[in-house]
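Written below as structure tokens is the structure these notes are about.
None of these values were measured; they are calculated from a predicted model. Computed over heavy atoms, backbone and side chain alike; hydrogens, waters and symmetry mates excluded. So that the names make sense, note that chain A is the first sequence line, chain B the second, and so on, each numbered from 1.
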Number of protein chains: 2
Amino acid sequence: MKIIVLAPADDVAILTERAAAGDRPLGSGLPLSAAVPAGHKIARHAIECGSPVHKFGQVIGYATEDIPVGAHVHSHNLAFGAHAGDAEAGADLDQARKAVPELQPRTFEGYRRADGRVGTRNMIALLATVNCSATVIRRAADEIERRGLLDAYPNVDGIVALTHGTGCGMAADGPGWSNLQRVLWGHATHPNVGAAIFVGLGCEVMQIARMKSMFGAAGEERFHGLTIQESGGTRATVERIVARVTEMLPEIDTARRSPSPLSDLVVALQCGGSDGYSGITANPALGVASDYLVGHGATVILSETPEIYGAEQLLLRRAADAKVAAALTERIRWWEDYTSSHGGSMDNNPSPGNKAGGLTTILEKSLGAVAKGGATPLNEVVGYGERPTARGLVFMDTPGYDPVSVTGQVAGGAQIVVFTTGRGSAFGSKPAPTLKLATNDRLYNTMIEDMDLNCGDVISAGVSLADKGAEILDLIVATASGKHSKSERLGLGDNEFVPWQIGAVM
Amino acid sequence: MKIIVLAPADDVAILTERAAAGDRPLGSGLPLSAAVPAGHKIARHAIECGSPVHKFGQVIGYATEDIPVGAHVHSHNLAFGAHAGDAEAGADLDQARKAVPELQPRTFEGYRRADGRVGTRNMIALLATVNCSATVIRRAADEIERRGLLDAYPNVDGIVALTHGTGCGMAADGPGWSNLQRVLWGHATHPNVGAAIFVGLGCEVMQIARMKSMFGAAGEERFHGLTIQESGGTRATVERIVARVTEMLPEIDTARRSPSPLSDLVVALQCGGSDGYSGITANPALGVASDYLVGHGATVILSETPEIYGAEQLLLRRAADAKVAAALTERIRWWEDYTSSHGGSMDNNPSPGNKAGGLTTILEKSLGAVAKGGATPLNEVVGYGERPTARGLVFMDTPGYDPVSVTGQVAGGAQIVVFTTGRGSAFGSKPAPTLKLATNDRLYNTMIEDMDLNCGDVISAGVSLADKGAEILDLIVATASGKHSKSERLGLGDNEFVPWQIGAVM
Ligand SMILES: [Ca+2]
Ligand SMILES: [Ca+2]
Ligand SMILES: [Ca+2]
Ligand SMILES: [Ca+2]
Ligand SMILES: [Ca+2]
């Protein structure tokens with residue numbers, strides 16, 4: 001019977017394999033009354049009703065009944081308690097600065113753009129300003145592939161049609177409108193995009209001309225726009241898009257990869273379908289890779305506000321200054337309002353799948369989620385889809401829901417996404433590719449065509465987190481230089497573009 | 001210079017063609033200081049600041065400055081006023097009953113299903129419970145078409161992949177969750193669907209098993225479900241879906257069309273991209289067709305609550321009983337709360353395109369929108385995606401935004417959608433087809449591949465509304481019997497499935 005204990009003072013041990021009814025995984029205590037899946041927790045000693053329960057050396061909740069030694073600890077006897085609340089912003093900053101490693105300079109092969117940013121891909125983006133133009137851009141992208149129009153252009157990495165369900169029937173200002181506008185503009189001007197065409201119906205709330213004037217001339221030479229109403233309908237618009245792309249291809253194809261320092265990388269961190277292993281294998285290994293990236297001067301974007309909720313004090317203690325700490329606290333309060341005004345609550349999380357995987361409380365999940373960000377200072381907090389100005393570790397406010405979160409991160413300029421999963425995910429993104437890391441061997445083996453790297457061997461083969469972090473960094477550098485991720489090979493990433501919708505649908 | 005006056009007591013006339021600066025369209029008054037587009041309004045006499053302004057014989061707003069005779073009347077001098085508020089529910093019910101025509105029985109050729117409903121198409125539906133399975137179902141549908149698997153089955157009308165951006169990162173109860181659940185179930189069990197496969201990732205909030213248990217065994221024999229996490233990843237899931245469809249095809253192909261009375265039809269009414277002609281050509285002509293359908297015992301679904309806002313008294317006066325009237329009033333109040341709680345307002349409408357087309361106030365737009373529903377009694381009010389139980393004219397509460405509104409109407413069992421447009425639209429829907437009616441000749445001619453019928457000739461050639469209504473009914477019957485709509489020929493309808501998202505994204 002294998003168990004692991006994550007920190008010496010923990011009240012629970014983690015099962016690394018399934019225990020049957022009647023088993024005594026600790027070798028002592030009462031036999032289990034029912035089977036307990038791998039990744040779940042058992043009590044290392046008797047815990048009194050009302051006592052805090054520790055995992056990762058941190059409080060993950062409070063016992064809701066007396067728990068005997070050896071018993072399964074989960075939703076039936078453990079619940080979320082109050083936040084610590086006494087965070088001392090910046091208290092761990094010195095220690096966090098020491099966590100930035102000094103490293104030899106290293107490069108990747110990227111496409112340097114006129115604005116100084118560097119792409120890891122050279123793609124054509126078709127963007128719908130409204131759902132009403134979703135079909136025409138998909139049809140145009142299909143036609144371009146069907147006719148083999150890209151075949152003669154080896155430096156063009158593909159075409160993506162970015163569609164969504166909104167863009168009209170919405171307020172023409174406020175957070176929902178700003179989110180959509182930033183996401184569309186951020187994708188059109190993304191360093192992985194060689195040229196972009198916006199396509200509207202013509203009468204929608206999200207007007208191409210207004211967006212263009214709001215953002216000024218930036219990237220204008222790569223920016224084109226047309227509408228269905230002006231173009232004469234579905235088929236005529238598809239043909240106009242195909243003709244426009246055909247015209248632009250020779251110019252887009254002139255881009256070439258060249259060596260660029262890793263400080264030009266913006267890497268987004270993501271998790272989805274977490275399990276009991278996420279916080280002990282893939283997330284901390286990705287945290288090591290994050291620290292390496294920060295050591296190289298890159299930007300690393302941690303996100304998913306609802307999934308760090310409860311563990312925000314860990315980030316506040318590493319905040320580079322009071323402004324950064326205040327910005328994070330403001331976002332946390334905004335989320336409490338946002339969810340409660342919709343009759344919800346921040347601890348609606350974890351999801352049914354998370355619970356099946358052994359995560360009992362949002363606090364427990366959050367401690368594991370924050371581990372992705374490593375140990376370096378938190379240098380900036382940005383809004384959804386905003387471009388970070390700082391290097392090092394930054395936080396972008398996004399939902400936890402994978403497609404919505406990644407869409408904001410890519411809009412903010414991330415050229416690569418690293419995604420940990422325990423239950424399994426078929427996620428992919430464009431124009432920035434996603435790498436998927438499995439938290440356990442079983443998942444890696446059953447979804448091997450979707451998983452880019454196995455972190456399960458941290459438990460099954462005793463691979464150190466430092467070695468696994470270095471392996472993740474190597475994979476990031478290779479992928480940034482053009483190696484295809486598994487999700488790229490499978491062609492994922494068009495359907496997973498989902499801007500964060502806030503506000504009434506009218 | 002052509003003008004039309006819609007009701008004798010109206011304060012404004014409508015330009016049927018563009019007037020240049022210096023023109024006097026009425027033949028009297030001051031010359032126009034600037035050009036005025038067709039469809040816009042001019043003052044028939046001097047209007048004092050603060051006075052009500054009438055069009056369709058109804059108040060559409062109040063003058064915000066003194067308006068001289070012959071002047072352009074629009075947003076600069078006309079604004080929305082308070083609601084009438086003194087509606088007498090049921091006051092026009094006798095008159096509405098007389099508006100139901102007595103007609104000779106008529107049939108269409110439909111697919112009769114086990115539950116007694118009749119399909120106008122016989123399709124296979126793949127449904128994603130969550131965005132995480134969007135790509136696999138689209139890929140499976142593409143594969144099935146690419147391999148020509150449907151070619152041997154002439155009675156199968158096609159396959160549709162219904163994807164969306166939600167299904168996780170959401171509350172597991174409340175209106176957003178109920179909407180999604182009703183929409184998914186309503187499409188899976190739709191009479192136009194011969195067989196349905198739900199595909200999930202596995203760990204999402206919108207669990208297949210929970211949905212199945214909530215709705216009971218209804219339609220179970222046509223219902224299948226699988227997840228990516230159980231199937232071994234993207235490619236394996238695509239293959240499983242393709243294999244499942246291949247297995248089911250011979251059985252689905254046994255369906256045959258047979259004569260069914262028009263009382264088996266459920267027809268949804270929709271408008272999008274309205275202009276100054278919508279309320280005077282296509283909408284009242286569709287209103288005539290609605291009355292014919294009601295005369296045949298069919299169900300007609302009027303929707304788009306924000307677009308009838310301000311004209312709800314017209315419906316309340318035709319309410320079949322106090323319960324129906326109370327349900328409509330309750331929905332209007334709900335919308336006032338919904339929009340104001342998001343910092344918006346119900347008169348955010350009309351959209352930029354509506355305004356360019358000459359519609360100044362929501363009231364003016366609403367009076368034109370309600371005309372689609374004809375003149376018969378309002379027999380029922382249902383929630384978004386709910387199945388009406390009454391025949392005749394019913395109201396379904398939906399947003400006005402086309403893809404979201406139609407998705408609810410089709411979920412409620414509509415087998416055909418009739419959509420009027422003045423600015424132009426490339427909308428389509430599956431599994432129930434959409435017919436698009438142009439409000440003016442110019443649009444019909446410029447988007448002829450998208451428009452199923454021209455209603456512009458009501459003005460340009462003096463065609464009567466009664467004749468145009470009969471022409472619309474003939475087209476509905478032909479389309480219900482298998483004739484393809486323009487949007488079906490263009491293959492629209494997969495990307496336009498957009499469930500009404502309410503609540504926080506987490
Ligand atoms: Ca999308
Ligand atoms: Ca998640
Ligand atoms: Ca996530
Ligand atoms: Ca969709
Ligand atoms: Ca509409």
Side-chain angles (χ1 to χ4, degrees), chain A residues 131-136 138 163-165 168-169 171-172 174 201-205 207 228-229 232-235 273 306 338-339 341-344 348-349 351-354 356 399-404 423-428 446-450 490 492 495-496 498 500-501 503-506, chain B residues 131-136 138 163-165 168-169 171-172 174 201-205 207 228-229 232-235 273 306 338-339 341-344 348-349 351-354 356 399-404 423-428 446-450 490 492 495-496 498 500-501 503-506:
Chain A
N131 181 263
C132 310
S133 48
T135 293
V136 296
R138 283 192 184 273
T163 70
H164 53 88
C168 205
L201 174 59
C203 56
E204 59 273 12
V205 167
Q207 290 281 301
I228 296 172
Q229 286 171 350
T234 302
R235 210 182 48 79
Y338 171 61
T339 49
S341 78
H342 287 95
N348 248 327
N349 232 319
S351 70
N354 294 150
Y401 184 39
D402 309 333
V404 174
R423 306 272 297 168
S425 162
F427 185 81
T446 57
M447 288 184 63
I448 195 155
E449 291 176 322
D450 289 88
L490 290 165
L492 291 151
N495 299 301
E496 293 74 16
V498 185
W500 184 8
Q501 194 176 319
V505 178
M506 290 179 295
Chain B
N131 181 263
C132 310
S133 49
T135 293
V136 296
R138 283 192 184 273
T163 70
H164 54 89
C168 204
L201 174 60
C203 55
E204 59 273 12
V205 166
Q207 290 279 302
I228 296 172
Q229 287 171 350
T234 302
R235 210 181 50 78
Y338 171 60
T339 51
S341 78
H342 286 96
N348 248 327
N349 233 322
S351 72
N354 294 149
Y401 184 39
D402 309 333
V404 174
R423 307 271 299 167
S425 163
F427 185 80
T446 57
M447 288 183 62
I448 196 155
E449 291 177 324
D450 289 87
L490 290 165
L492 291 150
N495 299 301
E496 293 73 16
V498 184
W500 185 8
Q501 195 175 318
V505 179
M506 291 179 294

Exercise for review: Let me know if A/V404 has heavy atoms under 4.5 Å from chain B in its side chain, its backbone, both or neither.
Suggested key: side chain
Exercise for review: Sort out for me which of A/G202, A/G233, A/S133 touches chain B most, counting heavy-atom pairs under 4.5 Å.
Suggested key: A/G233
Exercise for review: Considering only heavy atoms and a distance below 4.5 Å, find which of A/G428, A/C168, A/G169, A/P403 pairs most often with chain B.
Suggested key: A/C168
Practice item. Counting only heavy atoms closer than 4.5 Å, note whether B/F427 contacts chain A via side chain, backbone, both or neither. Key: neither
Review point. Do B/N131 side-chain atoms and A/N495 backbone N/O form a donor-acceptor pair below 3.5 Å?
Key: yes
Exercise for review: Taking B/Y338 for its side chain and A/V505 for its backbone only, find out whether a donor-acceptor pair lies under 3.5 Å.
Suggested key: yes
Practice item. Tell me, out of B/L492, B/D450, B/V205, B/I228, who's got the most heavy-atom pairs with chain A below 4.5 Å. Key: B/D450
Exercise for review: Find the one option among A/C132, A/A504, A/C203 whose heavy-atom pairs under 4.5 Å with chain B are most numerous.
Suggested key: A/A504
**Study point:** Heavy-atom closest contact (B/M506 atom, A/P306 atom, distance)
**Key:** C-CG, 3.9 Å
Review point. Roughly how far apart are A/H342 NE2 and B/H342 NE2, rounded to 0.5 Å?
Key: 3.5 Å
Exercise for review: Start with the C-alpha gap between A/R138 and B/R138, add the side-chain angles, then the distance that decides, and say whether side-chain contact (heavy atoms from CB on, under 4.5 Å) holds.
Suggested key: CA-CA 12 Å; A/R138 283 192 184 273; B/R138 283 192 184 273; 3.9 Å; yes
Review point. Which one, A/A356, A/A426, A/G174, leads in non-hydrogen pairs under 4.5 Å with chain B?
Key: A/A426
Practice item. Using distance alone, with no hydrogens and no angle criterion, decide if A/T234 and B/E449 have a side-chain donor and acceptor under 3.5 Å apart. Key: no
**Study point:** Region of B/L201 in contact with chain A, defined by heavy-atom distances below 4.5 Å
**Key:** side chain
Exercise for review: Supply the atom-to-atom distance B/R235 CZ to A/I448 CD1, rounded to the nearest 0.5 angstrom.
Suggested key: 12.0 Å
